[in-house]
Amino acid sequence: MTGPGTSLSTDELRQAVLRSWWDSPTRFTEDTRAERDLLLGAYRDRVFVELAQNAADAAALAGEPGRMRVRVVDGELRVANTGAPLDQRGVEALASLRASGKDGGPGGAGAGSGEEATDSRDLVGRFGVGFAAVLSLTSEPRVVSRTGGVAFSATRTRRVWEADEVPVLRLPWPLPDDEPPVPDGFDTEVRLPLRVDPREVLERIEAEVADVLLVLPWLVEVEVEGRCWARRTDGDEVVLTAPDDGWTRWLTHHGEGCVWAIPVTDEGVPQPLGADVLHAPTPTDERLSLPARLLSTSVPTEPSRRRVLASADSPDVVRALQDAAEAYPGLVRRLPARYRLALVPRPGFPLSDVDGLLRDLVTARLADDAWLPSAVSGELPGRGARVLDVDSPRLVELVADVVPELVAAPLCGREAARTAGAVQARPLGVAELVESLTGIDRAASWWRAVYAELLAAVERAEVDLDELGAVPVPLADGRTVPGARGVLLADDVAGDVAALDVPGLHVVHPDAGHPLLQRLGATSAGPAELLRAPAVVDAVGRSVDNALAGLDVEPLIDAVLSWVSVVGTVRDAELGALALPTESGWRRADESVLPDAAILDVLHPDAVGDDAPLDVLSAEVADRWDRETLVAVGVRDGFVVLGDDELDPADPDSAEPSIPDLDLVADDAWPRAVRLLSAEPDTWRALTAPDGRVRDWLAVNALLAGRPPRQWRLPSAGELAGLFDPVPDAGLSDELLALIGVRSELTVGDADDAELVCARLGDENRTVPPGLVLRAHSALSRLVPDDVEPPERVRTLAGTVCDAFDAVVLDAPWLLALWPLDRLVAAVDFADAPALADVLDLPLATDETTATVDDEGEFVAWTDLPAIVEVADLLGVTVPDGGVVIHEELSVADVAVPWWNDGDLHAADSPDGLARAFAWAADRWADRVFVERLLDDPDPRVALG
């Protein structure tokens, strides 16, 4: 055995390489390029990972857990490790560039700590091409081992082979005679004279230590400048200790040729990974989006270990990933049941081909394997399992024996259902749950517990009351009815209720009474509840027909008006159908108008009377009952506002206003009608409501000087001059005018609005400012094209109007020099151009441009243009990649242009052309004129002044 200061055999290796270079000079070039490719490509930024792999393999070969020590001594990075020392075969591998000192095989993660590595497949790849990573730090690396050592040197290589660039690792050299021995306690040390800042190197190494220890089980300790990281196993968990005595705990599960791992807290709570890479077993460039880390010993990779071998769909890769997916549910089952959904892959675009395949395989495995805890007993596969989409563990427990395949609490709620849906589990919505409860026999107290959970979910806004409309309700007589509407709560039942003698009322079992039933329509025995009772509502609804048929409806009228006089307005009682006598006969209350109603002054004469929509209430009834009571049952005084439940339920998005009778206003009475609307709180709230239903209707249907409000603008809205005329004086404030649709700003809300704006833009008798034209086109671009009828005439950049057939939409600035302005239609932003073209049914200018650059120029990288570099520095922007083709005189289709873009940027050799090309390339188009000024005078005073 040679001593620490001696070298392993290097002469023959060196002479063999030199002979190959002498015999074939191209071999020297190939070696140089190969080493450069390894450094810049596969092994960039992998110095510590590659040296750690060698250390782990050395430990595996020695059969003892390995240690590493990293320090900087006299400007050298020194990385020492325990384990099998460097041998002749390792020297040959170091000098090969194309081979590892390890035998063939797919590669592996290494045996567990304490196991002897008797097969080279347990090795990651020792002293192979990955050693080229050290060249990012030095050109004079040395490896010193207790068996000897070897040096590599760009300087010594150039002495025997004259060239500007030489492959450092092809010629091994003896160690210097005065080379210090390996440090005590270690078997090998790699010494790298640094040409970079040691602090940056150490910071990068410290950032990688934890991952390296997790990946390489033969490595149990790494010391970096006195700071120590350690690895130990604790059952299925790996604990990584940091220098600050903090630690990271990883839960692991071994499968066929793989290990799955996920960080967990001391309490076992998983910490899902947001994004990671495949570890095979060291980090590759194959990005993954799974919550857990995959450490595979069987996924075949390229020699660089950055990419899978061949492709993600190659048979060997697929088999390895299938094995990994088979093992994944095992990791999930190791977690407490409450945390298992954290390991379901989240939806999203795959980060790589490997990621896409692995996610599909894992998701399919979770769909077929049993791992979800059952609400009854055992575990369920994802496929077919039911997850309650309400966050109520107690409700899960209550209905566990009612719903088959229900997942146990606490795996419930919308997020849990959404997550489990990725593995074919089906959400159990409240509506379906209610259906499952129909027809079952349970104690009244059980129903009350269910109601309590459902009401809590309603108050958390997880459940809509509408979904609970059919929830079963146990009655005091032993029956169960679907739905709470119309039932009476037992606590409120009194003699008054019994005296009402209204058929169809139901009483809830006393033990089942709960506030939820009231929210769902259950009533008490008070006047307000009676007015809402279905039996009473039905009687009110039939009252006009009954009156016209000669039946006595006076008792019902007196009862309803008496109840209303006590409780006031009951909006959801549907009292507007109550029969009342009018001047022409029996009419509904909401078709009656008080004799002195303010609304009579603005209605069309044909709107009131026999066979008209409204009629005047009889004076006798108006005198007998107070005004508030009559208005509460729907009799008109002023305009009224419909509640949400009174709007058309079949068309909730209808444009009909929430204020009825607006269509009955006389054409010349709209200013007075608007003042009336603004005078009452209810109608004012409807007029100013966020949904805009009333405002939208008035904007189109009201009339001011014979035209709808949306066709006028406020006198103060001068920025709309040209498109819209100022509204004539109607005696209304600007606030009211704006509320009913008179324009104060440029908006295009719907197809009719778009048609109006397009017609105004296409009216050649109108003079529209250019900026307003651009803003109008941008507003049009935000509409759905199918909703807009394309105009026949359009406004151009020249300010003229032309036939749409002759126009194109400008979508690129370089086309301005080629196209006539009187054919170009443009928006504020080029990004709006495609959408605008769809709305106006016009082609894009780029699609209609076939002209090409007339002559060849000279390509120049942006970084090779000093003036551009200086301007970029003044602007504080990064010089863009690529470059520009510069022409002494640039022309396209015989037209002189300052710049052009045909996939390559072209520019005339002028500040104007270069400024535009650079501004486009740097994504600073808005600064193009400023760039041109700086190119003319690159003085900081120009930038600052």
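For the single chain, residues carry numbers from 1 onward in sequence order. Computed from a predicted model, the values in this text were never measured in an experiment. Scope of the values below: all heavy atoms of this structure, side chains included, with no hydrogens, waters or symmetry mates.
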Side-chain donor-acceptor contact under 3.5 Å, [X] with [Y]:
{"X": "Asp822", "Y": "Thr796", "value": "no"}
{"X": "Arg359", "Y": "Ser289", "value": "yes"}
{"X": "Trp819", "Y": "Thr849", "value": "yes"}
{"X": "Thr800", "Y": "Glu764", "value": "no"}

Applying salt bridge (Lys or Arg N to Asp or Glu O under 4.0 Å) to Glu140 and Arg156, what does each step give before you reach the verdict? CA-CA 9 Å; Glu140 308 287 330; Arg156 297 170 75 174; over 6 Å; no
Heavy atoms, side chains only, cut-off 4.5 Å: are [X] and [Y] in contact?
{"X": "Phe830", "Y": "Leu810", "result": "yes"}
{"X": "Leu169", "Y": "Glu35", "result": "yes"}
{"X": "Asp74", "Y": "Glu76", "result": "no"}
{"X": "Leu351", "Y": "Leu288", "result": "no"}
{"X": "Leu821", "Y": "Leu816", "result": "yes"}
{"X": "Phe152", "Y": "Leu94", "result": "yes"}
{"X": "Asp902", "Y": "Val853", "result": "yes"}
{"X": "Gln711", "Y": "Leu756", "result": "yes"}

Does the pair Leu842 and Val808 meet the rule for a side-chain contact (heavy atoms from CB on, under 4.5 Å), with working shown? CA-CA 6 Å; Leu842 298 177; Val808 297; over 6 Å; no
Provide the closest heavy-atom pair for [X] versus [Y] in the form atom of the first, atom of the second, distance.
{"X": "Asp832", "Y": "Ala827", "value": "CB-CB, 3.8 Å"}
{"X": "Pro141", "Y": "Val134", "value": "CB-CG2, 4.0 Å"}
{"X": "Ala154", "Y": "Val168", "value": "CB-CG2, 3.8 Å"}
{"X": "Leu874", "Y": "Pro940", "value": "CD2-CA, 4.1 Å"}
{"X": "Leu935", "Y": "Ala867", "value": "CD2-CB, 3.9 Å"}
{"X": "Leu77", "Y": "Val70", "value": "CD1-CG1, 3.6 Å"}

Side-chain donor/acceptor of [X] to backbone N/O of [Y], under 3.5 Å:
{"X": "Asp763", "Y": "Ala759", "result": "no"}
{"X": "Ser352", "Y": "Asp355", "result": "yes"}
{"X": "Ser153", "Y": "Thr155", "result": "yes"}
{"X": "Arg191", "Y": "Val73", "result": "no"}
{"X": "Thr284", "Y": "Arg307", "result": "no"}
{"X": "Ser24", "Y": "Trp21", "result": "no"}
{"X": "Arg713", "Y": "Arg743", "result": "no"}
{"X": "Glu888", "Y": "Asp909", "result": "no"}

Can you tell me how far [atom2] of [Y] sits from [atom1] of [X], rounded to the nearest 0.5 angstrom?
{"X": "Ser778", "Y": "Leu836", "atom1": "OG", "atom2": "CG", "value": "7.5 Å"}
{"X": "Asp855", "Y": "Thr852", "atom1": "CG", "atom2": "OG1", "value": "10.0 Å"}
{"X": "Cys758", "Y": "Leu780", "atom1": "SG", "atom2": "CG", "value": "4.5 Å"}
{"X": "Leu194", "Y": "Leu137", "atom1": "CG", "atom2": "CG", "value": "6.0 Å"}
{"X": "Leu875", "Y": "Leu934", "atom1": "CG", "atom2": "CG", "value": "5.5 Å"}
{"X": "Arg795", "Y": "Leu772", "atom1": "CZ", "atom2": "CG", "value": "9.5 Å"}

Please state whether the rings of Trp899 and Trp925 are parallel, tilted or perpendicular, taking 30° and 60° as the class boundaries. tilted
Using 4.0 Å as the upper bound for N to carboxylate O, is an ion pair formed by [Y] and [X]?
{"X": "Arg823", "Y": "Asp806", "result": "no"}
{"X": "Asp829", "Y": "Arg775", "result": "no"}
{"X": "Arg933", "Y": "Asp937", "result": "no"}
{"X": "Arg766", "Y": "Asp725", "result": "yes"}

Determine whether Val277 and Asp285 satisfy the following criterion, side-chain contact (heavy atoms from CB on, under 4.5 Å), listing intermediate values before the conclusion. CA-CA 6 Å; Val277 296; Asp285 282 349; over 6 Å; no
Quick one, Thr32 with Glu165, criterion side-chain hydrogen bond (donor to acceptor under 3.5 Å, both in side chains). Give me CA distance, side-chain angles, the key distance, then yes/no. CA-CA 7 Å; Thr32 303; Glu165 182 180 4; over 6 Å; no
Tell me if the [atom1] atom of [X] is crowded by more than 12 foreign heavy atoms within 6.0 Å.
{"X": "Glu889", "atom1": "CD", "answer": "no"}
{"X": "Asp197", "atom1": "CG", "answer": "yes"}
{"X": "Arg195", "atom1": "CZ", "answer": "yes"}
{"X": "Asp923", "atom1": "CG", "answer": "no"}

Report the C-alpha separation of Asn901 and His906 in whole Å, then their side-chain angles, then the decisive distance to 0.1 Å, and conclude whether the side-chain hydrogen bond (donor to acceptor under 3.5 Å, both in side chains) test is met. CA-CA 6 Å; Asn901 187 349; His906 299 260; over 6 Å; no
I need the single residue from Leu818, Leu890, Asp854 that forms a side chain to side chain contact (heavy atoms under 4.5 Å, CB included) with Val895. Which is it? Leu818
Working note: Arg793 + Asp803, criterion salt bridge (Lys or Arg N to Asp or Glu O under 4.0 Å); need CA distance, chi angles, decisive distance, verdict. CA-CA 5 Å; Arg793 306 272 287 169; Asp803 292 336; 2.7 Å; yes
Chi angles and distances behind the side-chain contact (heavy atoms from CB on, under 4.5 Å) call for Glu848, Leu815: CA-CA 10 Å; Glu848 298 297 307; Leu815 299 178; over 6 Å; no
Please evaluate residues Phe724 and Trp712 with respect to the criterion ring pair (Phe, Tyr, Trp, His ring centres under 6.0 Å), reporting the C-alpha separation (whole Å), side-chain torsions for both, the decisive distance (0.1 Å), and the verdict. CA-CA 6 Å; Phe724 300 97; Trp712 301 104; over 10 Å; no
Please evaluate residues Phe859 and Val884 with respect to the criterion side-chain contact (heavy atoms from CB on, under 4.5 Å), reporting the C-alpha separation (whole Å), side-chain torsions for both, the decisive distance (0.1 Å), and the verdict. CA-CA 6 Å; Phe859 177 83; Val884 62; over 6 Å; no
Could you please spell out the steps behind the salt bridge (Lys or Arg N to Asp or Glu O under 4.0 Å) verdict for Arg710 and Asp750? CA-CA 12 Å; Arg710 75 184 331 181; Asp750 54 28; 3.3 Å; yes
